[in-house]
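Heads up, the thing below is written out as structure tokens.
When a residue number appears, it is its place in the shown sequence, counting from 1.
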Amino acid sequence: EVHLVESGGGWVQAGGSRRLSCAASGLMIDDYAVGWFRQAPGKERDGVACIISSDGKTYYRYSVKGRFTVSSDNAKNTVYLQMNSLKPEDTAVYYCGAIKSLYAAVVLEDPRFVAYWGRGTQVSVSS
């Protein structure tokens, strides 16, 4: 059975940083792409960043480029999202999802390609 477990959420002041982790079990992250998505209250779930662990290729939502960095540790079967210069509009529940690598380039625009979801972790940025 596949499990993706997010951690690292919490409160942070605007301008601060937070690192999220997505620990996978039941699958090997280097067989998939793993993405980060977020959903604010009353809004749709949007893609934030995605990494193909087998080759290190990354994709980012335009609004987080230069602030967020997605990385992976294949030995720990874990994907990270380092978030810097956080803004109040980054407040959301952040989810990780595993995707077949061939969909990595489009999944940020269409999260329906996600095969497995975690349960999410709340990130709240105060102004």
Side-chain angles (χ1 to χ4, degrees):
E1 187 175 0
V2 174
H3 290 284
L4 301 175
V5 180
E6 302 93 337
S7 60
W11 285 93
V12 61
Q13 285 192 325
S17 298
R18 205 82 191 178
R19 189 175 84 153
L20 305 182
S21 300
C22 172
S25 61
L27 61 78
M28 301 304 295
I29 62 169
D30 55 5
D31 289 335
Y32 287 81
V34 177
W36 286 96
F37 305 80
R38 66 187 182 188
Q39 188 166 20
K43 295 189 176 182
E44 293 185 349
R45 191 172 298 187
D46 293 326
V48 175
C50 186
I51 185 167
I52 302 175
S53 299
S54 59
D55 64 11
K57 191 167 181 62
T58 57
Y59 304 86
Y60 292 95
R61 181 181 189 85
Y62 180 79
S63 62
V64 306
K65 277 185 178 180
R67 299 190 299 126
F68 290 11
T69 302
V70 60
S71 62
S72 64
D73 185 333
N74 290 353
K76 294 183 178 180
N77 216 30
T78 298
V79 173
Y80 303 97
L81 184 68
Q82 178 67 43
M83 305 184 295
N84 299 329
S85 302
L86 282 162
K87 304 175 181 180
E89 52 264 42
D90 294 317
T91 294
V93 178
Y94 282 72
Y95 300 87
C96 65
I99 309 105
K100 290 184 178 180
S101 296
L102 70 98
Y103 297 128
V106 299
V107 72
L108 297 188
E109 298 300 321
D110 191 348
R112 292 177 298 173
F113 288 107
V114 173
Y116 304 102
W117 286 105
R119 291 191 173 186
T121 185
Q122 175 72 46
V123 174
S124 300
V125 185
S126 59
S127 57

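- The minimum heavy-atom distance linking S53 with N74 is given by the pair CB-OD1, 3.4 Å.
- Counting only heavy atoms from C-beta outward, the side chains of M83 and L20 approach each other to under 4.5 Å.
- Between S85 and S17, the closest heavy-atom pair is N-OG, 4.4 Å.
- Proximity of a side-chain donor or acceptor of Q13 to a complementary backbone N or O of S126 within less than 3.5 Å is not detected.
- Judged by distance alone, with hydrogens and angles left aside, the side-chain atoms of S124 form no donor-acceptor pair with the main-chain N or O of T91 at under 3.5 Å.
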Contacts under 3.5 angstrom, residues 22-38 side chains, donor-acceptor by atom type, not counting sequence neighbours:
residue: R38; atom: NH1; partner: D90; partner atom: OD1; Å: 2.9
residue: R38; atom: NH1; partner: Y94; partner atom: OH; Å: 3.0

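- The shortest heavy-atom contact between Y60 and A49 is CD2-CB, 3.7 Å.
- Judged by distance alone, the side chain of R19 and the main-chain N or O of G8 form no donor-acceptor pair under 3.5 Å.
- The backbone N or O of T121 lies less than 3.5 Å from no partner atom in the side chain of E6, so there is not a single donor-acceptor pair.
- The nearest pair of heavy atoms linking I52 to S101 is CG2-OG, 3.8 Å.
- One N or O on the side chain of R61 and one on the backbone of G47 form a donor-acceptor pair closer than 3.5 Å.
- The hydrophobic clustering, which links ILVMFWY residues whose side-chain heavy atoms are closer than 4.5 Å, places V64 and L81 together.
- Rounded to the nearest 0.5 angstrom, Q82 CD and S21 OG are separated by 9.5 Å.
- Hydrophobic clustering (side-chain heavy atoms under 4.5 Å, transitive across Ile, Leu, Val, Met, Phe, Trp, Tyr) groups L4 together with V123.
- Taken from CD1 in I51 to OH in Y59, the straight-line distance is 11.0 Å, to the nearest 0.5 Å.
- Grouping the Ile, Leu, Val, Met, Phe, Trp and Tyr side chains by contacts below 4.5 angstrom, directly or via other members, places Y116 apart from V93.
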Show the atom names and distances, to 0.1 Å, of all donor-acceptor pairs under 3.5 Å that link a side chain in residues 102-114 to residues at least two apart or in another chain.
residue: D110; atom: OD1; partner: R112; partner atom: N; Å: 3.2
residue: D110; atom: OD1; partner: R112; partner atom: NE; Å: 2.9
residue: D110; atom: OD2; partner: R112; partner atom: NE; Å: 3.3
residue: D110; atom: OD2; partner: R112; partner atom: NH2; Å: 2.8

